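Source: prediction; values computed, not measured. Each chain gets a letter, A, B and so on, in the order the sequences are listed, and its residues count up from 1.
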2 protein chains.
Amino acid sequence: MKNKITIKDIAKLAGTSVSTVSRVINDSPSVSDKKRNHIKQIIADNNFQPNMLARGMVSNKTQTLAVVVSDINNPYFTDLISQIEVISRNAGYTLLLINTMTAGKMNKDNSTQLEINAFKNILERHVDGVLILGGEIDRESVADNYLTALNELNDQIPVVIIGQKIDGCNALFVERDQFRSAEIITQHLLALGNRRIAFIGGEPGIRITSQRLAAFKETMNIYSKVDEHLVILNDYYPQSGYDGMNSLLNSEEKLPDAVVAINDRVAWGVFRALHDHGLNSPDDIAVGSCDAFPNGEFMTPRITTVNQHNESLGKIALHFLFQLIDNKELNRTEETHLPELIIRESCGAKKRDEKND
Amino acid sequence: MKNKITIKDIAKLAGTSVSTVSRVINDSPSVSDKKRNHIKQIIADNNFQPNMLARGMVSNKTQTLAVVVSDINNPYFTDLISQIEVISRNAGYTLLLINTMTAGKMNKDNSTQLEINAFKNILERHVDGVLILGGEIDRESVADNYLTALNELNDQIPVVIIGQKIDGCNALFVERDQFRSAEIITQHLLALGNRRIAFIGGEPGIRITSQRLAAFKETMNIYSKVDEHLVILNDYYPQSGYDGMNSLLNSEEKLPDAVVAINDRVAWGVFRALHDHGLNSPDDIAVGSCDAFPNGEFMTPRITTVNQHNESLGKIALHFLFQLIDNKELNRTEETHLPELIIRESCGAKKRDEKND
DNA sequence: GTGTAAAAAGAAAGCGCTTAACAAAATAGA
DNA sequence: TCTATTTTGTTAAGCGCTTTCTTTTTACAC
């Protein structure tokens, strides 16, 4: 490891003072063009990179954003992170990534503690802003010490949370209407004539699940009624859909006409279970879901789902975060993106249209 | 934003000197238990977090690792990152995440420049170690300025690269045998009696593609021969498999008996194309691939693929990186993980067994 | 030439911390 | 009791930079 070259070295090489070199680095005006060019040349020749730690100490800016994410393997978050990375990079920020879920499910206390630790870490590092995706915030009830830690963090550093607003939290929230999206897909399935509809997937105690499930139930109750045997929660992954559908298929109960899967990945498992039983979607059982994950059009059948326009979430959240960092007045426009039904094959709408032609 | 509390404030509150407080923070022995406890109490009461920038300046350690990744949306990398995050966090490091691909494909110059910029950024931030996943390193030929920048980075900070060794690069490489995995799946397909086999997916000019394609061709040439019309490269995503398979299905050429997809996601698109043409895998066309992505067992048909044990890559890479950071002698054991065939449904091996019973 | 204002350059303080060097106090041995 | 040693605490330097305050240089008018 070579010894790092410092601003002092550059000053010496250029035969000038440290402060003049600093002025050149920071594009301060009061340096003559001649000297400026000379110094720039020397900086380039020696491949000098100013030490950001030192700059950060005095300027109180680290050009760093912390991203706290509960599950980096979830493509919903990955999508978000990659958007966030690009926008941040273009704005001159680098991301500190903090994942708070180890592997699989964790017990609640443990994950709460992990997030609180993350906040401490963030505080130590003096980042300029914090973005929180999912995690504890998704829970229906948040521990008091978590809320305290989060508010303390937000006292020191601007925090923007992508998720549903929670009471008592002072951070800024950017949210999507999770109720509405489940309502849309349930209405669609009902409109196609299905009356006995199952709900599969989602983790109990997590807000997105309760909201979507509530939407499902309320909507169902208008035209039909919910058979509680047909509501099977678990988590958000294909295995969950597979197990859920299988238990329905293997039970004594009458089979449903249709299934609302909590998201496309769960639907994937549902399809697999159906196929294993020689059944077919949409002909035997229609399946609809939410979230429009990438590549849903390659599933067999192509999945009918609800696009929440999550692709704009990262952009909006950063927009706010940058405003907070710069102490600007918040301008909460351009936030509304309504969920939108994407009709593909798995609910059978197109097939029905063809028949009616 | 509250004013941050500093070590000075703690010293004043504790009626002692800054250095004594520092000793307590750093668990230095020469402080009496009484004073130590008193100071610890005050630190806790005031929720004091030492400023890591300041600590980093003097100690030359930032407890930060940079992770440079070309495409954070690729689940192969996401898997890797999430492992890396957990291990790093447990070792007291936080990750700086730098994604170098914006969206979709980029032209080569642009992405080279993005990575070089990333290296500069890393240098400025004085991280303790760097991990590189994919990116330029994957290309068959690397630009000179890229190699120079990479070597300069490695001169200052330990760099570990997960990928195939490139000439002239001084960083440490951790690799998997990409040739072997394609060889395995091709052999499997040949052993099942297929002779006319297509190769779909992968990006020309990227090393993993050339290596797997070379393995495919060499293996094929032993028992059969390669019809160049049946080799269709593009990229690594379902669309690529879909388009590739479709073009085969729509062409005048005789259809292949089997397909080697470069990875499971490409195979996914292949299945979709087959299905659109009323064809079925493995009955009409067998499909095998590499990489054993998560949830492959939920595909229809369940995919037969080759597990590269990439799950151990992150662990091994960090193991080395930590050794380099601590200036330890490198101990390159436990590195061998042979690729392994996972037989599921899509090549038809099990069906054949049943028939023979 | 002198005088003055503006521009350019430099000196020095300080960001929050660690740590070497030193000083003081406590303990031990003679 | 007195010195030698160990333990505990303090002072101050310095990490690499920014920035305020000062000084020097330059430009221009008279």
Would you kindly give the [atom1]-to-[atom2] distance between [X] and [N], to the nearest whole Å?
{"X": "A/Ile5", "N": "D/dC17", "atom1": "CD1", "atom2": "P", "value": "10 Å"}
{"X": "A/Asn51", "N": "D/dC15", "atom1": "CG", "atom2": "P", "value": "12 Å"}
{"X": "A/Arg55", "N": "D/dC15", "atom1": "CZ", "atom2": "C1'", "value": "16 Å"}
{"X": "B/Lys61", "N": "D/dC15", "atom1": "NZ", "atom2": "C1'", "value": "15 Å"}
{"X": "A/Ile7", "N": "C/dC15", "atom1": "CD1", "atom2": "P", "value": "18 Å"}
{"X": "B/Met57", "N": "D/dC15", "atom1": "CE", "atom2": "P", "value": "8 Å"}
{"X": "A/Asp9", "N": "D/dC17", "atom1": "CG", "atom2": "C1'", "value": "13 Å"}
{"X": "B/Gln49", "N": "C/dG16", "atom1": "CD", "atom2": "P", "value": "15 Å"}

Consider the side chain of [X], meaning its heavy atoms from C-beta on, and name the nucleotide among [options] that approaches it most closely.
{"X": "A/Lys8", "options": "C/dG16, D/dC15, D/dT11", "answer": "D/dC15"}
{"X": "B/Ser19", "options": "C/dC17, D/dC17, D/dA12", "answer": "D/dA12"}
{"X": "A/Ile25", "options": "D/dG16, D/dT18, D/dG9", "answer": "D/dT18"}
{"X": "A/Ser30", "options": "D/dG16, D/dT10, C/dA8", "answer": "C/dA8"}

I'd like to know if B/Arg89 and B/Glu85 make a salt bridge, using a cut-off of under 4.0 Å between side-chain N and carboxylate O.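 Here B/Arg89 pairs with B/Glu85 in a salt bridge, since their nearest N and O are under 4.0 Å apart.
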How is [X] classified with respect to the nucleic acid when contacts are heavy atoms under 4.0 Å: base, sugar-phosphate, or nothing?
{"X": "B/Thr16", "answer": "sugar-phosphate"}
{"X": "B/Val18", "answer": "base"}
{"X": "A/Ser32", "answer": "sugar-phosphate"}
{"X": "B/Ser22", "answer": "base"}
{"X": "B/Asn60", "answer": "nothing"}

According to a strict under-4.0 Å criterion, is B/Ser17 in side-chain N/O contact with OP1 or OP2 of D/dT10?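 Affirmative; the distance criterion is met.
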Using only side-chain N and O atoms of B/Thr20, determine if any of them is under 4.0 Å from OP1 or OP2 of D/dT10. yes
If we ignore hydrogens and angles and just use 3.5 Å, is the side chain of B/Asn26 paired with the main-chain N or O of B/Ser28 as donor and acceptor?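 Not confirmed, B/Asn26 side chain does not pair with B/Ser28 backbone.
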Backbone N or O of A/Tyr93 within a donor-acceptor pair of the A/Ser88 side chain at under 3.5 Å? no
Hey, which of B/Ile137, B/Ile162, B/Val159, B/Val160 is the one that makes side chain to side chain contact (heavy atoms under 4.5 Å, CB included) with B/Phe173? B/Ile137
Map B/Arg23 and B/Asn26 onto DNA chain C by nearest heavy atom, then report which one ends up closer to the 5' terminus.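 It is B/Asn26, whose closest nucleotide lies nearer the 5' terminus.
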Do you know which two heavy atoms are closest between A/Ile25 and A/Phe48, and how far apart they sit?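 Minimum heavy-atom contact is CD1-CE2, 3.7 Å.
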